[in-house]
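In what follows, a single structure is set out as structure tokens and then discussed.
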Amino acid sequence: MDCISVKNLKIFAFHGVNEFEKKDGQFFLMDIDAFVDLSVPCASDNVEDTVSYAKIIKTALNAFTSQTDDLIERAAQRVAQELLLSFEKIERVTVEVKKPDAPIKADFDYVSVKIERTRQ
């Protein structure tokens with residue numbers, strides 16, 4: 001299956017188990033892979049035949065920032081669900097939420113969760 005990808009979308013939000021994370025917020029990075037049959041837009045060269053990556057980004061931003069969650073797992077789930085609900089052409093989606101400033105006393109690039117959801 002073909003794929004539309006968004007990599008390292010930078011989002012400021014208020015997710016986390018700690019109260020200061022909910023109060024002060026932090027930056028997250030998000031990767032999205034939306035699996036779509038792109039044969040029609042490849043032939044037509046018409047934006048109406050594809051899933052706009054700009055609309056994917058807008059939908060993901062809205063879903064991720066619409067509420068505050070303790071777990072990035074839940075926030076990632078909400079993004080995946082909203083993408084599948086909003087774009088009928090998306091058959092499967094993976095969403096990885098990266099937390100580069102997780103409050104852990106260790107040296108790391110980021111911690112993350114990655115989920116995959118398929119249209120039922």
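In this chain, residues are counted from 1 in sequence order.
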- What is the distance from atom CG of L61 to atom CD of E82, rounded to the nearest 0.5 Å? 12.5 Å

- Item | Salt bridge flag under 4.0 Å for residues K22 and D70 | yes

- Rounded distance (nearest 0.5 Å) linking atom NZ of K99 with atom CG of L29: 12.5 Å

- Message: If you count heavy atoms of other groups shown closer than 6.0 angstrom to NZ of K7, is the number above 12?
- Response: yes

- Taking E21 for its side chain and N18 for its backbone only, find out whether a donor-acceptor pair lies under 3.5 Å. yes

- Is T50 reaching over with its side chain to a backbone N or O of V47, donor-acceptor style, under 3.5 angstrom? no

- Message: With a 3.5 Å distance limit and no angle check, can you tell me whether R119 reaches the backbone of L84 through a side-chain donor-acceptor pair?
- Response: yes

- Mind checking whether I32 and I56 have side chains closer than 4.5 Å, heavy atoms only? yes

- Message: A side-chain contact here means heavy atoms from C-beta on lying under 4.5 Å apart; do T59 and N62 qualify?
- Response: no

- Message: Could you tell me if the side chain of H15 sits less than 4.5 Å from the side chain of F64, heavy atoms only?
- Response: yes

- Under 3.5 Å side-chain donor-acceptor pair for D24 and Q26: no

- Note on the structure: To the nearest 0.5 Å, atom CG of L83 lies from atom CZ of R78 at 12.0 Å

